[in-house]
6 protein chains.
Amino acid sequence: MAGNEICKVGIETLDEALIGGIPTGSTVLMVGSSGSGKTTLCMQYLINGAKEGERGVFFTITEPLFKLTKNMEGFDFYDKKLIESGMVNLIDLRIISERLGLDAEKYSVEDAGALLDILQDIADELNVKRLVIDSITALCYRLQSPEMIRDFIFKLGSSLAAMNCTTILTSEVPPKTYKFSQHGIEEFIADGIIFLEDIDRKGDLIRTLQVVKMRGTPHSRTRFAMSISSKSGIELSPLLKSSRA
Amino acid sequence: MAGNEICKVGIETLDEALIGGIPTGSTVLMVGSSGSGKTTLCMQYLINGAKEGERGVFFTITEPLFKLTKNMEGFDFYDKKLIESGMVNLIDLRIISERLGLDAEKYSVEDAGALLDILQDIADELNVKRLVIDSITALCYRLQSPEMIRDFIFKLGSSLAAMNCTTILTSEVPPKTYKFSQHGIEEFIADGIIFLEDIDRKGDLIRTLQVVKMRGTPHSRTRFAMSISSKSGIELSPLLKSSRA
Amino acid sequence: MAGNEICKVGIETLDEALIGGIPTGSTVLMVGSSGSGKTTLCMQYLINGAKEGERGVFFTITEPLFKLTKNMEGFDFYDKKLIESGMVNLIDLRIISERLGLDAEKYSVEDAGALLDILQDIADELNVKRLVIDSITALCYRLQSPEMIRDFIFKLGSSLAAMNCTTILTSEVPPKTYKFSQHGIEEFIADGIIFLEDIDRKGDLIRTLQVVKMRGTPHSRTRFAMSISSKSGIELSPLLKSSRA
Amino acid sequence: MAGNEICKVGIETLDEALIGGIPTGSTVLMVGSSGSGKTTLCMQYLINGAKEGERGVFFTITEPLFKLTKNMEGFDFYDKKLIESGMVNLIDLRIISERLGLDAEKYSVEDAGALLDILQDIADELNVKRLVIDSITALCYRLQSPEMIRDFIFKLGSSLAAMNCTTILTSEVPPKTYKFSQHGIEEFIADGIIFLEDIDRKGDLIRTLQVVKMRGTPHSRTRFAMSISSKSGIELSPLLKSSRA
Amino acid sequence: MAGNEICKVGIETLDEALIGGIPTGSTVLMVGSSGSGKTTLCMQYLINGAKEGERGVFFTITEPLFKLTKNMEGFDFYDKKLIESGMVNLIDLRIISERLGLDAEKYSVEDAGALLDILQDIADELNVKRLVIDSITALCYRLQSPEMIRDFIFKLGSSLAAMNCTTILTSEVPPKTYKFSQHGIEEFIADGIIFLEDIDRKGDLIRTLQVVKMRGTPHSRTRFAMSISSKSGIELSPLLKSSRA
Amino acid sequence: MAGNEICKVGIETLDEALIGGIPTGSTVLMVGSSGSGKTTLCMQYLINGAKEGERGVFFTITEPLFKLTKNMEGFDFYDKKLIESGMVNLIDLRIISERLGLDAEKYSVEDAGALLDILQDIADELNVKRLVIDSITALCYRLQSPEMIRDFIFKLGSSLAAMNCTTILTSEVPPKTYKFSQHGIEEFIADGIIFLEDIDRKGDLIRTLQVVKMRGTPHSRTRFAMSISSKSGIELSPLLKSSRA
């Protein structure tokens with residue numbers, strides 16, 4: 001069972017805001033619209049962990065692996081060897097589904113259960129300390145009714161709480177809305193919420209990041225400007241007040 | 001049957017605003033979005049009561065007990081001995097459900113009834129004066145239709161009104177909305193409403209607290225700034241007018 | 001059948017705004033969100049009537065009688081003897097329901113009809129001049145379909161129109177919305193609408209009251225500030241223009 | 001079949017805005033929220049017509065006749081003799097329904113058809129030139145499905161178009177909304193739309209009236225301030241620009 | 001099959017904005033709320049075409065022909081002889097429906113198909129160059145399910161695209177909304193969109209017109225003020241910037 | 001399988017913002033309301049590709065081919081010979097459907113599958129490098145339930161990801177809304193999002209373009225003003241800050 005350790009994201013300003021990092025064993029919802037930088041932040045989180053010796057796994061549901069790696073190769077933080085050595089594992093849930101004989105695009109109740117088991121088995125076997133599901137939103141779209149989605153989310157929450165790893169679930173929301181998830185249930189299984197929001201600066205969009213919630217740490221709630229560059233990946237900096245919408 | 005006594009929350013400014021505290025026997029809805037501080041405030045309410053000799057119980061539905069206690073251990077107000085001595089009882093409704101042979105994530109009408117009975121039995125046996133359910137929102141998500149939710153809420157209201165304790169039900173709402181509950185029914189069983197709202201201060205979020213309603217006391221309706229720190233837990237202070245959204 | 005008499009509320013500024021009071025025999029919808037003061041205003045209306053010799057009845061559907069009276073005892077206008085002498089009758093519709101052998105929390109079509117009959121019988125037997133139902137909203141939540149609600153409201157309207165008393169129905173709406181009722185039908189059976197609204201004054205809420213509609217009187221439509229105190233109960237005063245939202 | 005004559009409302013400023021009045025034979029939707037003055041304006045329209053020798057009929061669906069007449073007696077424009085002489089006929093559609101053996105609160109398809117026939121027969125027999133239905137909204141609430149409502153409105157439109165009289169249908173909408181009807185269909189059978197809107201003037205509501213549409217006349221679209229007084233009934237005056245919301 | 005010719009509307013400023021006129025063979029959606037001038041603009045379009053020797057047809061679905069002609073007789077542009085000579089044909093779709101033995105107010109799938117055939121036959125037989133349906137919105141309300149409406153609109157689009165005439169479909173939307181149609185599908189069959197919008201000028205409504213889309217012409221997107229007078233019918237003029245909402 | 005090459009759009013400023021162009025093999029959602037210039041931009045993308053020797057295909061679903069070509073003939077960038085030589089292929093999906101014996105306006109599950117196969121076959125046979133579907137929105141409207149639409153979009157995503165070409169899907173959204181697609185699912189299969197938005201400049205609409213997301217390139221997120229002219233087709237320029245809404 002998780003103790004009081006900290007899981008460093010590896011992005012300096014964010015770890016400071018979290019008073020060290022994400023409490024080990026937490027489930028964090030990373031919320032943002034398309035293009036807000038969720039996938040890049042999650043990958044950086046796994047790579048940084050691997051560099052510190054913590055094995056991780058990235059479950060994708062919409063982006064094929066060859067695209068994912070191609071997109072990441074442009075970043076300096078990316079280290080192909082960590083993938084090859086199995087320190088960061090990239091797994092396409094659709095391929096897993098196909099191997100299980102499931103319809104890759106549409107899950108029944110049993111499929112969803114089987115998938116959860118596989119997901120847990122993989123995490124256990126690999127003994128991962130960091131886990132990412134990108135995205136919980138797309139995953140739920142494969143389920144066929146609100147009831148199935150609700151059940152799946154709660155069961156996923158129970159599974160994750162029982163695992164000995166720190167999880168980030170990405171949550172895709174429409175732009176310019178103030179909600180944390182598509183179904184309004186995802187946040188109930190989250191110990192923390194990190195909110196990525198594009199704000200308007202004289203007609204251009206500025207990326208921002210804010211820790212809205214993180215159980216077990218008296219975190220800062222400052223809203224930071226966020227940049228993405230090939231050289232540094234995700235970086236946070238103070239948000240100039242004059243640039244507020 | 002409850003008389004005209006007062007149940008002190010133990011947060012000085014809040015008790016002043018309530019002209020002493022919550023009228024004993026009331027059911028209070030504590031409304032806020034994810035990360036607004038509902039759980040911490042409720043725990044502080046129970047711990048403070050226990051220090052005054054009033055036994056309490058905390059029913060959680062989403063957060064496992066080991067996480068809950070780990071998260072609380074960082075606060076100075078937290079006193080492990082009060083848990084160990086049974087003055088503050090932490091109960092995971094999902095574990096209760098499992099012991100009853102119920103599906104922990106999905107309740108039938110009978111399950112919901114059984115759960116209500118158990119809840120009442122526990123409160124009676126322990127002779128608690130303070131009761132928290134965190135959250136009524138997550139609890140209702142386990143029910144499978146709007147009709148079941150409506151019935152459950154009204155029955156819960158009757159049960160609570162018949163008990164001899166002061167109850168806080170946390171109600172989770174999306175950020176930046178002006179409603180008191182997910183279903184619009186929860187407020188009908190509440191004698192009081194305490195509203196936690198994040199307001200925008202030049203781009204950062206400020207936590208605020210306001211007593212919107214409290215039957216039986218000519219309470220203040222001032223909106224306070226609210227802070228959470230390891231040392232003092234929840235604290236209220238005047239809201240600087242210039243920081244209004 | 002009602003003539004051209006006036007039923008004084010007993011709150012001076014409100015009666016002035018109504019050019020004397022509510023036309024006798026009217027059905028008035030008193031609209032406001034939780035904590036806006038609807039229950040207190042209704043009780044003051046009944047107590048004031050009783051002091052003038054007009055018998056009244058208060059039907060509650062969510063608040064148990066012992067809580068209702070406890071809450072009212074803090075007000076100077078409250079006079080226990082008027083309750084004891086039967087000049088103001090407090091009736092819990094759930095207890096009535098139980099006596100009828102109905103499910104107290106969920107009404108069938110027949111239950112709703114039986115309840116309406118009982119309600120009318122009580123008003124007739126007691127020969128009441130003032131009647132309050134607190135709230136029409138909670139009452140309708142006990143009905144199980146929009147069709148039942150619609151039918152019930154229209155039948156209630158017909159019943160009330162046929163009675164020889166002046167009725168206030170409280171209508172609970174979410175905060176910061178501009179509607180008069182939950183279902184949009186309640187206003188069709190109302191001769192008058194009194195609207196209680198919390199407005200924002202530099203971050204705090206100010207209670208306001210406005211007569212939106214009152215058939216049969218060229219009433220003022222001024223919006224008043226409203227205060228609630230133990231000493232005076234509900235009081236109205238001019239709304240300082242600078243405090244407008 | 002109607003020619004190019006004009007039907008004067010009898011409110012001077014409104015008739016001027018309409019370049020004389022409503023084109024004879026038109027169906028006009030008078031839109032406003034509760035308390036906006038729709039009923040009073042319609043009654044004044046009928047009384048003024050009767051004084052010019054045009055017979056009229058007022059069909060009410062929610063307000064009992066004794067209340068309607070009591071409310072109107074306070075206005076100087078009201079002339080009881082016109083009612084007594086049959087120049088203005090007040091008819092309660094619920095009483096008509098009962099005489100037909102229909103459920104007064106809930107209409108089947110056949111009931112709605114029978115009601116339409118009766119309505120047309122009455123208008124024909126009385127040879128009325130002016131017809132009011134107060135309100136089309138409440139009338140449609142008696143119908144039991146959107147399909148029934150849609151069919152009823154279109155059939156009502158055909159009936160009215162075939163009659164030789166000028167009709168006002170009142171349409172009740174929630175406050176502060178910009179729509180012309182509850183179902184969005186009512187305007188399709190209307191030749192004209194008169195919009196009553198309460199606007200905010202430093203915290204108080206100001207009644208306004210605007211002719212949004214009137215086929216067959218190059219009407220003004222000016223928004224007027226509207227007052228209601230016992231002495232003059234409805235009166236229009238220029239809206240001071242500074243009082244705009 | 002249509003070539004590169006232009007179909008002049010005959011309103012000078014509009015034709016200039018369209019760089020000559022509507023490309024021949026286009027289907028144009030004319031969008032506006034009740035009273036925005038859609039019918040008058042369409043009639044002026046047909047009359048102007050007829051004066052240039054292009055035969056046209058106006059299909060109405062809500063306004064009886066006698067009202068339509070009566071309303072148009074007040075305009076100087078209107079020329080009764082063009083109607084009488086068959087250069088402009090006015091056809092009431094409800095009368096067509098009745099002749100076909102259809103329910104005039106409610107169409108089945110087969111009815112809708114039959115109506116489309118008739119519509120196309122009439123356009124072919126008359127060899128019309130200009131076609132108006134007023135309104136697509138009211139026509140779709142006669143259909144009984146979203147599926148029927150969707151199918152009908154797409155089939156209408158195919159029919160119109162195959163015809164050798166330039167079509168205007170009026171689309172009625174609620175006031176103060178930013179959508180182009182009731183169902184959100186109508187724009188998919190449109191080559192062009194002309195948007196009529198009432199904007200607020202110090203409390204009064206100003207009519208405006210803007211060409212939002214017109215395939216095949218590099219049209220202006222300027223928003224014009226629009227006036228309607230007996231003498232000139234529809235006229236466009238520059239919108240004074242200071243009058244913007 | 002796609003490497004790290006770039007697919008130039010051929011619009012200079014856009015390619016600069018994309019740091020060269022769209023990463024080869026990407027699926028891009030081009031989002032905008034009616035009249036925002038989606039079709040023209042896509043055609044320019046195909047023509048520019050063809051001029052560089054890359055074969056392309058344009059699948060249309062609402063606009064007949066003769067209209068499409070007629071509309072494009074007005075642009076200087078358009079080169080009929082590229083169509084004739086098969087470098088740019090224009091295909092009407094409705095005609096394809098008819099040849100398959102499908103209902104051109106309404107697809108069953110099997111139809112949608114067959115259509116996807118045909119689409120893929122055509123792309124393979126022609127060995128196209130650039131593919132456009134105009135629009136994904138209209139295509140989905142041919143499907144008959146939300147479930148079918150969801151399945152179709154995910155299957156389309158898998159098909160496109162497996163192809164060796166760079167795809168633009170146009171997505172039509174209502175004006176003045178902040179969403180990227182009709183169903184909220186389309187963005188899950190997109191590697192990039194280009195957002196076309198009309199903004200208000202003193203009462204007129206200004207076209208703007210912004211790259212919201214593009215996996216695999218550290219693109220600019222600047223919002224550009226966009227113009228459409230016969231001579232230059234689509235052109236981007238800096239958006240004057242003073243013209244922001």
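Residue numbers begin at 1 in each chain, while the letters A, B, ... track the order of the sequences.
Of all the heavy atoms in B:R94 and A:S158, the pair that sits closest is NH1-OG, 4.1 Å. The minimum heavy-atom distance between B:D198 and A:R221, with the atom names listed, is OD2-NH2, 2.9 Å. Contact between A:A161 and B:F66 at its shortest, heavy atoms only, is O-CZ, 3.7 Å.
For B:S135, the part sitting under 4.5 Å from any heavy atom of chain A is the side chain, from C-beta outward, and nothing else. Contact annotation for B:P175: both backbone and side-chain heavy atoms come within less than 4.5 Å of a heavy atom of chain A. There is no contact between B:Q182 and chain A, counting heavy-atom distances below 4.5 Å. In this structure, no portion of B:S229 lies under 4.5 Å from any heavy atom of chain A.
Counting heavy atoms from C-beta outward, B:P174 and A:Y178 have side chains that stay 4.5 Å or more apart. Within the 4.5 Å cutoff, no side-chain heavy atoms of A:F188 are placed close to those of B:I61.
With hydrogens and angles ignored, the 3.5 Å screen pairs no side-chain donor or acceptor of B:K70 with any backbone N or O of A:P23.
In this structure, NZ on A:K179 lies 15.0 Å from OG on B:S33, to the nearest 0.5 angstrom. Between the CD1 atom of A:I153 and the OH atom of B:Y141 there is a distance of 9.5 Å, given to the nearest 0.5 Å.
For the set A:M214, A:R215, A:K155, the count of heavy-atom pairs under 4.5 angstrom toward chain B peaks at A:R215. No other option in A:I189, A:I193, A:D191 has as many heavy-atom pairs under 4.5 Å with chain B as A:D191.
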